[in-house]
Amino acid sequence: MTAADTTRPPYAGTRYPRLAQVPAFTEFVSRDWADVRTRPQLPVGAAAAASAHRDRLSAALPGRVIVAAAGRAPVRNDDAHYGFRADSGFVWLTSCQVEHAVLVMWPTAGGHDAVVYLPPPFRPGDAGFFADANHGELWVGPSAGLAEWAEALGVTVEPLAALDARHGELRGAALARSAAVLAGEVGAEVSDELERTLSRLRMIKDAWEVDQLRAAVDATVAGFGAVVAEVPRAVAEGLGERWLQGTFDRHARTFGNGPGYSTIVGSGAHAPILHWVRCDGEIVPDGALLLDMGVEAGSLYTADVTRTVPASGTFSAAQRAVHDLVEKAHRAGLERIRPGVEYLDFHFAAMEVVARGLHDWGLLPVSVDEALSPGGQQHRRYLACGIGHHLGLDVHDCSAAAYEDYMGAALEPGVVMTVEPGLYFHAHDLTLPPELRGIGVRLEDDVLVTDTGSEVLSDALPIAATEVERWTRAHLAAAR
Ligand code: GLY
Ligand code: MN
Ligand code: MN
């Protein structure tokens, strides 16, 4: 025996204890806690809006049992999970963001009765109180109980386990994709009809939802200023695109729930790369900087805005020429947004401008008309993505809608959508003259269809190159 061994405590070498199997511990940890109850932090008006949304769905699917779920965060490793973000359809119907929660709308003679089934918090006395690192109150802090949730949501709330006894009644139900796990458990299919219906109904935003989107856009506009103010530091200290991406994400997390999608910061030759979320490049001092960023508000409604700014404060001649053409296409698209106009009209209007501009620059191998025809589309080499989409709780909102309800529909008041033409001239595109290679420009605004026309919610950010330069210089000058 060595000298060191004599210092070992008598229990050294015993097996690491499982706390749940230690009666002395479980007895002690279960008692003498003050009864702390928190109240759900719902955005003002959220529960009333959700109630109205349920009424619309009830009228659309009379007599059906309807099920939607909040979902759960995927496991990353062991007890580390990816961040939880409740399913958008579920939030639209409940305003509740509790992981594992399930909504069932049980049909009645006059409509539906909504019941939200929630996992009760793990409180002192529950094994999960100390054993569940993701839901135990010892780990995650006090949370609201079922009674507090019932009061906040204005619906009946029951423990999740109470739904087990009713699984048989869910077999013929309309289950949302968010309830796919439950569908599997009860032997039912996910309902495409419900998914399509939810997407169709969610396309028309009510006044409360428009307010949420306005707040998300306003926070996003402030975030653009915060990011551009960090450009000098990112350049001087070689911090690169990630510093700017992190700046926006911090802003979004501080003033909202977080970024509504992966923040895109593309400097110089990265700007034409559509989903440049890797952001591991430097800030090119004389490059154009494409910023596609959106704050998701606490209510989970998100903005989706893009501006392309000169990192130096002044566009080069080639950058400005590309920006001017994109601006022209953008204005042509925006002009088409009003009630009664076909959804795709903005797309065709913007694409026509793009195709003509590219033809004038000698970049199209065919005529403008041939390129614009459904069987041509050569101009899309430089603009392969969509140039707009519905916006709401999801950045690409209502994406499960039927074609005739979305692409093939006329615009109605209450629609919120993006318009986002761009030109993406990749650095290695041999069809391009050298001066255009490595330039990417997108202009993206969030637009509300009103009773008489449209309102650009993000118009606090300029779109004309000269104004963009002026705005950029003002924020570069604000740098610390
Ligand atoms: N940022 C995603 C999009 O513009 O659609
Ligand atoms: Mn978009
Ligand atoms: Mn975007």
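Order of listing sets the numbers, starting from 1, for every ligand and every atom in it. On a predicted model such as this, the values are computed, not experimentally measured, just so you know.
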Does a salt bridge link R202 with D397, judged by any charged N lying under 4.0 Å from a carboxylate O? yes
Ring centers of H275, Y261 separated by less than 6.0 Å: no
Proximity of H359 and H379 rings by center, below 6.0 Å: no
The Mn ion (ligand 3) - name of the N/O/S atom of E444 that sits closest to it: OE1
Is the shortest side-chain N to carboxylate O distance from E195 to R200 below 4.0 Å? no
Subset of ligand 1 atoms that lie under 4.0 Å from at least one heavy atom of H396: 2 (C), 3 (C), 5 (O)
Run the salt-bridge test on D206 and R56 with the 4.0 Å N-O cut-off and return the result as yes or no. no
Have a look at E420 and say which of its N, O or S atoms is nearest the Mn ion (ligand 2). OE2
State if H389 counts as touching ligand 1 under the rule of any non-hydrogen atom under 4.0 Å. yes
Which residue and heavy atom of the protein sit nearest atom 3 (C) of ligand 1, plus the separation: D304 OD2, 3.3 Å
Can an N, O or S atom be found in H389 less than 2.8 Å away from the Mn ion (ligand 2)? yes
Restricting to N, O or S atoms, which atom of D304 is closest to the Mn ion (ligand 3)? OD1
Check whether any side-chain N or O of E335 sits under 3.5 Å from a backbone N or O of A332 as a donor-acceptor pair, and report yes or no. no
